[in-house]
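Accompanying notes for the structure given below.
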There are 2 protein chains.
Amino acid sequence: MKKRLMARSVDTRVRILDAAETMLAERGIEATSMRAITSSARVNLAAVNYHFGSKEGLIIAVYGRRLGPVNQERLAMLDAAERAAERPTLDAILRSYIAPVMQLIHDPARGGEIFMRLLGRALYEPGDYLGQLFREEMEPMLNRFTIALQSCLPHLTSEELFWRMHFGGGALAYTCAQIHRLELLSKGACNPQDVQGVISRLVDFIAAGMLSGERLAMTKNG
Amino acid sequence: MKKRLMARSVDTRVRILDAAETMLAERGIEATSMRAITSSARVNLAAVNYHFGSKEGLIIAVYGRRLGPVNQERLAMLDAAERAAERPTLDAILRSYIAPVMQLIHDPARGGEIFMRLLGRALYEPGDYLGQLFREEMEPMLNRFTIALQSCLPHLTSEELFWRMHFGGGALAYTCAQIHRLELLSKGACNPQDVQGVISRLVDFIAAGMLSGERLAMTKNG
DNA sequence: GTCTATATCCTGATAGAC
DNA sequence: GTCTATCAGGATATAGAC
């Protein structure tokens with residue numbers, strides 16, 4: 001990590017990161033130019049290359065500063081669930097994964113709704129900007145959740161579990177990325193600002209999907 | 001629609017559309033330049049503007065030529081299900097929506113896996129490229145499926161149904177967009193080429209989610 | 001319908017003064 | 001650390017010959 005020796009440079013770094021975060025969430029990586037970012041942040045164009053080396057370095061920094069805290073909260077919630085019961089419920093495991101992301105809506109200090117949307121888009125972004133960062137930041141956390149789900153759903157083969165985690169991840173990513181449009185798309189029928197409601201609905205939906213056809217799926221370890 | 005008077009121009013049009021389809025699915029709209037498309041299609045750069053007017057016109061044409069047939073097949077399957085039984089099952093409705101998309105994998109004449117991936121990315125693309133096209137092509141079809149689901153799940157409020165359709169749509173979109181990576185991501189545990197297996201798993205997962213907490217959700221029309 | 005050539009603007013990145 | 005000026009190349013789009 002880069003040292004922060006001067007107060008002014010911290011300001012500049014943060015202003016660039018904040019502006020980039022917003023524009024990347026709204027337009028995507030390729031559609032966001034460094035000129036648009038520096039103009040919005042009211043810093044000089046050359047400041048991006050000075051502080052982050054390149055556009056790719058900036059993108060990685062934008063995701064990097066927020067991803068760690070979210071994943072640490074996920075693991076902390078899973079830890080707490082595992083301390084509270086020898087085998088945590090499916091609902092508790094799913095909630096540990098989902099709540100820290102959805103609660104970003106009311107946590108501007110960690111990126112707020114903007115970073116939530118950015119996170120939802122991450123796997124749809126082209127190129128190799130994020131490959132290494134996600135392997136480092138996401139894989140260890142995902143491995144722990146996979147193990148927790150396996151002991152909760154021992155009748156599922158690893159293939160079945162993978163498919164269902166994938167479907168659940170899709171529902172979550174889509175919700176994060178589209179959260180700002182849902183009220184409009186539903187013609188006012190739903191209220192995305194009711195964070196606890198959204199979390200509970202997502203947990204219920206995915207838990208039901210994870211448990212579907214429990215009787216028929218007992219082909220192993222039953 | 002533009003008339004096709006000369007054999008040569010049809011070739012050029014189609015070669016551009018095919019090349020664009022592939023590159024858009026792999027890199028996204030903003031990351032794909034017209035130079036890359038025309039170079040891959042081995043036609044002249046100016047041909048895009050001659051045939052499609054602009055890059056945006058090309059993008060709309062790429063989606064436009066494939067979206068209609070897929071949605072018509074969805075509606076045809078729903079029609080058949082409604083002829084076969086007065087009230088089609090939830091599984092039959094979901095399968096009508098999902099199967100025509102997933103079966104693209106083995107239907108190169110309708111765009112194959114490439115268009116399926118492109119479709120999965122559509123709602124994540126920045127800008128207003130596709131707004132009007134989707135309002136025209138998707139909304140009437142979605143309205144029919146909404147009605148079918150409502151009569152199948154009468155205990156759900158329209159808010160609840162919207163949320164669950166949204167979650168299911170996210171699972172489907174994610175699967176379409178990531179299909180080519182699933183074998184790698186699962187370290188060989190799953191086989192995305194087993195189309196019928198993927199369809200059945202998606203239908204089962206989403207149906208279970210749609211039905212979740214049926215007893216608790218009876219707040220209307222029970 | 002197709003092509004070459006070009007117009008006009010934007011892109012990421014850097015050198016060098018301050 | 002910040003700034004101006006600039007580079008080299010890429011972007012979409014078009015004019016005009018064939």
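Throughout, a chain's letter reflects where its sequence line sits, starting with A, and its residues are numbered from 1.
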Next item on the list: On DNA chain C, check which nucleotide each of A:G53 and B:A47 is closest to and give me the residue with the more 5' one.
Entry: B:A47

Item checked: Distance in angstrom units between B:L45 CG and D:dT12 C1', rounded -> 8 Å

Check: Atom CG of A:N49 to atom C1' of D:dT2: distance rounded to whole Å?
Finding: 13 Å

Check: Counting distance only, does the side-chain N/O of B:R95 pair as donor-acceptor with the main-chain N or O of B:I199 below 3.5 Å?
Finding: no

Next item on the list: Flag the pair B:L118 / B:T22 as yes when at least one side-chain heavy-atom distance between them is below 4.5 Å, and no otherwise.
Entry: no

Notebook entry, point to check: Can you check whether B:S54 has a side-chain N or O nearer than 4.0 Å to OP1 or OP2 of D:dT12?
Noted result: no

Check: Taking the side chain of B:Y50 as heavy atoms from C-beta outward, which of C:dT2, D:dC3, C:dA13 is closest to it?
Finding: C:dT2

Listing time: all N or O pairs from protein to nucleotides 8-11 of chain D that are below 3.5 Å?
from, atom 1, to, atom 2, distance (Å)
D:dA11, OP1, B:S33, OG, 3.4
D:dA11, N7, B:R35, NH1, 2.9

Next item on the list: Hey, can you tell me if B:W163 and B:F167 have their rings parallel, tilted or perpendicular (30° and 60° cut-offs)?
Entry: tilted

Check: Any idea how B:Y124 and A:Y124 line up, ring-wise: parallel (<30°), tilted (30 to 60°), or perpendicular (>60°)?
Finding: parallel

Next item on the list: Taking atom CG of B:D128 as the centre, report whether more than 12 heavy atoms of other residues, nucleotides or ligands fall under 6.0 Å from it.
Entry: no

Margin query: Base, sugar-phosphate or nothing for A:A46? Non-hydrogen atoms, less than 4.0 Å.
Written below: base

